[in-house]
J.: 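Sending over a structure as structure tokens; questions will come in a sec.
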Amino acid sequence: MGTFLGFAFTLTLLFCMAQGEVLRYDFLVRETPIDMLCETNRTILTVNGLFPGPEIRAHRGDTIYVNVTNIGPYGVTIHWHGVRQIRYPWSDGPEYVTQCLIPTNSSFLQKIILTEEEGTLWWHAHSDRTRATVHGPIIILPVGNTNYPYKFDEQHTIVIAEWYARDTKDIIDEALASGGDPDLSVAYTINGQPGDTYTCSNGSAYNITVVLGKTYLFRIIHSGMNEEMFFGIAKHNLTVVGMDGAYLKPFNTNYLMITPGQTMDVLVTANQTPGRYYMVFSPFVDTNAPSNENVTRGILQYNRNYNHSETPALPELPGFTNKSDAGNFTIRLRSLNSKEHPSTVPTSITRNITITVSVNQQPCPANQTCAGPQGQIHSASLNNISFWAPSISILQAYYNNLKGVYNETFPDKPPFVFDYTGNVSALGEAANVSTEVLMINYNEEVEIRFQGTNFGAAENHPMHLHGYSFYVVGMGDGNFNDTYISEYNTVDPPYVNTVGLPKNGWTAIRFKADNPGVWFMHCHLDRHASWGMDTVLIVREGPDKDQKMLPPPEHMPPCSGL
């Protein structure tokens, strides 16, 4: 898994239960010196001293306990991205949504409940910008007497990340204080290595050695902060077979488009002339906002005799701004929809929700200089509401019936209708800054239509929902129209937890609200999430005992005011 990725913890099998095994991991959050590109050598926040962090490996239906001990310089939270956490939002992790920060010099025992998930997911910090270096894989294997719906010989996990020249918490704190853009990353890394395109990388690159004729499962995790990515391997076809902890109908391609937050399972057969071939991640940039347009390269090399000094071949990837190829890849995704892994797409929708997704500006306060566009403050919103996180946990406030922490008034529709993707220059860009939550009744069949807008620096937005995976039944450019409903795919749409909303386009998702609790929904571009492109879904409990939230653990991280 590379220089910094590996196991540095003890996995203890406690006992077996009918629903699966119970496993225990220990995470130690601490500062660790990392050498990277000479001038950016620095101390970073890690788990168990590793970048990327340790791998969690379990089987479908297992329960995992992770004892998170924080000895870092500031509070932190951990989120298990893509795990539904049925009836148990207490360990989901987003700061001030389901918990308060784990203070330095303290621990929090988090319970991860696996149910239907199978494939590749990941975990990451969910406080400030600490997920830049605090993240790692979750590998969920089939239950003992079942098999993968495809065959392979060996598997490798590939984690793409972004590397910053300074402490990421300092970067976001300064940006929010000034109202300006946060610093860009200076490099991308594959399993902790930046590759040989960067000055002072010593020509090193993450490499995988393959055997001619064998097929390999690549588990690809995009843990990056702000840039979507194209990926390819020179002269090798990719067969996409899974995404976000669920299986897909296999399809062949010579490139992927993957957004921050997404995972993809891909088969690669070593069937080319033995040699060395570059594996390349190249950013997809469809905005005029500042972007890191570097690439990072790893090497796939055969274990045969050949001239190892020859420069590896490069893949042909779409250009940085190729929106067409990004969209053409995404629309090919289909659920496996087999007898063993059926699609259960909601078709009797009882709740229709439309959410506009915007990059906004807020006016600069009097007697203050702001670093955003035209001297304003960067902002972002959903349905013209820029999310303001409270100082205590929304989940704990909801569970304990505390008033004044949030309002149950997030609207089902935008406050007014306009040409969302047209000329919006005459419209004001300021959003309402508040803590609004969207209330949903248990067992409702929900459709959410995300509508991109042309405010600010419009771009693709990877939207992520905690507590649920959902079916992506439709997607397109421009403004949504009801006539598009007849074109929905309700047979085998992809079942994912993160979906890219096309720039100045729309995406429709469906899910059944069968998981009561408090669940965060947000853009997985961290600069947008930090500006308020977030909201919270509270799914009410049902009447039966098994339709209610499980009780909280004995010790939650402390919140002021609780």
Side-chain angles (χ1 to χ4, degrees), residues 1-6 8 29-54 72-73 124-125 128-137 157-175 181-208 220-232 258 260 276 278-285 289-301 311-312 314-315 317 320 525-527:
M1 291 297 296
T3 305
F4 306 116
L5 183 61
V29 181
R30 62 181 174 89
E31 290 194 307
T32 303
I34 297 290
D35 292 338
M36 188 82 71
L37 304 180
C38 295
E39 72 278 7
T40 66
N41 291 345
R42 60 187 180 89
T43 298
I44 64 172
L45 204 65
T46 68
V47 167
N48 297 347
L50 305 172
F51 172 65
H124 60 81
D128 297 308
R129 270 193 146 188
T130 49
R131 82 169 175 88
T133 57
V134 179
H135 58 253
T157 303
I158 296 175
V159 181
I160 177 71
E162 293 186 57
W163 181 258
Y164 289 79
R166 299 193 297 129
D167 181 85
T168 51
K169 187 177 186 304
D170 289 344
I171 289 172
I172 193 60
D173 286 349
E174 292 169 13
D181 279 298
D183 291 0
L184 295 176
S185 59
V186 296
Y188 300 108
T189 61
I190 301 174
N191 289 350
Q193 298 190 39
D196 56 11
T197 61
Y198 296 95
T199 302
C200 198
S201 67
N202 298 320
S204 65
Y206 177 74
N207 65 76
I208 294 172
I220 300 174
I221 299 168
H222 192 336
S223 70
M225 303 292 281
N226 288 305
E227 308 296 348
E228 292 93 357
M229 286 283 178
F230 293 115
F231 171 76
I258 184 168
R276 302 168 76 229
Y278 273 127
M279 307 182 293
V280 177
F281 284 96
S282 175
F284 164 53
V285 179
S291 302
N292 178 353
E293 296 187 2
N294 291 310
V295 303
T296 185
R297 305 193 300 213
I299 296 174
L300 184 145
Q301 59 185 17
T311 301
L314 282 167
L317 292 178
F320 288 160
L525 303 183
D526 266 49
R527 65 180 183 273

J.: Less than 4.5 Å apart, any side-chain heavy atom of P260 and any of N226?
T.: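 They are not in side-chain contact.
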J.: Return the set of residues passing ring-ring contact (aromatic ring centres under 6.0 Å, His included) with F284 (not counting sequence neighbours), or none when no residue passes.
T.: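 Partners of F284 under the ring-ring contact (aromatic ring centres under 6.0 Å, His included) test: F230.
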J.: Once side chain to side chain contact (heavy atoms under 4.5 Å, CB included) is applied, do any residues pair with T46, and if so which ones, sequence neighbours excluded?
T.: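 Per chain and number, T46 pairs via side chain to side chain contact (heavy atoms under 4.5 Å, CB included) with R30, T32, I44.
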J.: Are V285 and E227 side-chain neighbours, meaning at least one heavy-atom pair lies under 4.5 Å?
T.: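 The answer is yes; the side chains approach within 4.5 Å.
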J.: Between the side chains of N292 and S185, does any donor sit under 3.5 Å from an acceptor?
T.: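 Per modelled atom types, N292 and S185 side chains form a pair under 3.5 Å.
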J.: Does any part of the side chain of L45, heavy atoms only, come nearer than 4.5 Å to the side chain of V29, both counted from C-beta?
T.: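 V29 vs L45: side chains touch.
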J.: Atom CD1 in I190, atom CD1 in I158: separation rounded to 0.5 Å?
T.: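 These two atoms lie 7.0 Å from each other.
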J.: Look up atom CG in D167 and atom CD in E31, then write down how far apart they are to the nearest 0.5 Å.
T.: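 Rounded to the nearest 0.5 Å, the CG-CD separation comes out at 7.0 Å.
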J.: Nearest 0.5 Å, what's the OG1-CG distance between T197 and N294?
T.: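 Interatomic distance, T197 OG1 to N294 CG, rounded to 0.5 Å: 6.5 Å.
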J.: Is there a donor-acceptor pair closer than 3.5 Å between any side-chain N or O of Y198 and the backbone N or O of V295?
T.: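 A pair under 3.5 Å: yes.
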J.: Not counting sequence neighbours, which residues clear salt bridge (Lys or Arg N to Asp or Glu O under 4.0 Å) with R129? List them please.
T.: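 Checked R129 against salt bridge (Lys or Arg N to Asp or Glu O under 4.0 Å); zero matches.
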J.: M279 vs I208, test: side-chain contact (heavy atoms from CB on, under 4.5 Å). Steps then yes/no.
T.: CA-CA 10 Å; M279 307 182 293; I208 294 172; 4.2 Å; yes
J.: Between P194 and Y188, is any pair of side-chain heavy atoms under 4.5 Å apart?
T.: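 Heavy-atom side-chain distance check fails, nothing below 4.5 Å.
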J.: When rounded to the nearest 0.5 angstrom, what distance separates CG in D170 from CG in D128?
T.: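 Going from the CG atom of D170 to the CG atom of D128 covers 10.0 Å.
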J.: For L300 and N207, what are the C-alpha separation, side-chain angles and deciding distance, and is it a side-chain contact (heavy atoms from CB on, under 4.5 Å)?
T.: CA-CA 6 Å; L300 184 145; N207 65 76; over 6 Å; no
J.: Please tell me if the side chains of P54 and V47 come closer than 4.5 Å, counting only heavy atoms from C-beta onward.
T.: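 P54 vs V47: side chains touch.
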J.: Can you list everything that forms a side chain to side chain contact (heavy atoms under 4.5 Å, CB included) with V186? Sequence neighbours excluded, please.
T.: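 If we apply the side chain to side chain contact (heavy atoms under 4.5 Å, CB included) test to V186, skipping adjacent residues, the hits are T40, W163, A165.
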J.: With sequence neighbours excluded, tell me which residues meet salt bridge (Lys or Arg N to Asp or Glu O under 4.0 Å) with E293.
T.: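 With sequence neighbours excluded, E293 shows a salt bridge (Lys or Arg N to Asp or Glu O under 4.0 Å) to no residue whatsoever.
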J.: Identify the heavy atoms of A132 and F51 that sit nearest to each other, and give their distance.
T.: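 What the structure gives for the nearest pair is O-CE1, 3.7 Å.
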J.: Which atom pair, heavy atoms only, marks the closest approach of E162 to G224?
T.: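 In terms of heavy atoms, the two residues are closest at OE2-C, 3.6 Å.
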J.: I'd like to know if the side chain of N191 and the backbone of V159 have a donor-acceptor N/O pair within less than 3.5 Å.
T.: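 Flag set: sc N191 to bb V159 pair under 3.5 Å.
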J.: Please report the closest heavy-atom contact between P137 and G53, naming both atoms and the distance.
T.: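 It is CD-O, 3.8 Å.
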J.: Checking T189 now: which residues fulfil side chain to side chain donor-acceptor pair (under 3.5 Å) with it, not counting sequence neighbours?
T.: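 By the side chain to side chain donor-acceptor pair (under 3.5 Å) rule, T189 matches no residue at all.
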J.: Please give me the minimum heavy-atom distance between G232 and P315, naming the atom from each residue.
T.: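 Looks like O-CG, 3.7 Å.
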J.: Contact between I220 and T157 at the side-chain level, heavy atoms closer than 4.5 Å - yes or no?
T.: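 Side chain of I220 against side chain of T157, heavy atoms only: no contact under 4.5 Å found.
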J.: Do the side chains of E228 and I258 get nearer than 4.5 Å, heavy atoms only?
T.: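 No, every pair of side-chain atoms sits at 4.5 Å or beyond.
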J.: Apply salt bridge (charged side-chain N to carboxylate O under 4.0 Å, His left out) to R166 and E174, showing your working.
T.: CA-CA 12 Å; R166 299 193 297 129; E174 292 169 13; 3.0 Å; yes
J.: CG of L317 to CZ of F320: how many Å apart, nearest 0.5 Å?
T.: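 Going from the CG atom of L317 to the CZ atom of F320 covers 9.5 Å.
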J.: So do S223 and I160 actually touch side chain to side chain, heavy atoms under 4.5 Å?
T.: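 Result no, sub-4.5 Å side-chain heavy-atom pair not found.
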J.: To the nearest 0.5 Å, tell me how far C200 SG sits from M36 CE.
T.: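 If I round to the nearest 0.5 Å, the distance is 11.5 Å.
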J.: List for me each residue that meets salt bridge (Lys or Arg N to Asp or Glu O under 4.0 Å) alongside D173, sequence neighbours excluded, and say none if there are none.
T.: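 By the salt bridge (Lys or Arg N to Asp or Glu O under 4.0 Å) rule, D173 matches K169.
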J.: For R527, what residues pass the salt bridge (Lys or Arg N to Asp or Glu O under 4.0 Å) criterion, not counting sequence neighbours?
T.: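 Salt bridge (Lys or Arg N to Asp or Glu O under 4.0 Å) list for R527, sorted by chain: E459.
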J.: Checking the side chain of R131 only, and the main-chain atoms of D526 only, is there a donor and an acceptor separated by less than 3.5 Å?
T.: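 Judged by distance alone, no pair lies under 3.5 Å.
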J.: Would you please name every residue forming a ring-ring contact (aromatic ring centres under 6.0 Å, His included) with H124, sequence neighbours left out?
T.: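 Only H79, H81, W122, H126, H524 meet the ring-ring contact (aromatic ring centres under 6.0 Å, His included) criterion with H124.
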J.: Please enumerate all residues that pass ring-ring contact (aromatic ring centres under 6.0 Å, His included) together with F231, with sequence neighbours excluded.
T.: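 Only F281 meet the ring-ring contact (aromatic ring centres under 6.0 Å, His included) criterion with F231.
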J.: Shortest non-hydrogen contact from T130 to A125?
T.: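 Closest approach of T130 to A125: OG1-CB, 3.2 Å.
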J.: Not counting sequence neighbours, which residues clear side chain to side chain donor-acceptor pair (under 3.5 Å) with R42? List them please.
T.: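 In terms of side chain to side chain donor-acceptor pair (under 3.5 Å), with neighbours along the sequence ignored, R42 is linked to no residue.
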J.: For P312, give me all partners under side chain to side chain contact (heavy atoms under 4.5 Å, CB included), at least two apart in sequence or on another chain.
T.: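 By the side chain to side chain contact (heavy atoms under 4.5 Å, CB included) rule, P312 matches R276, Y278, I299.
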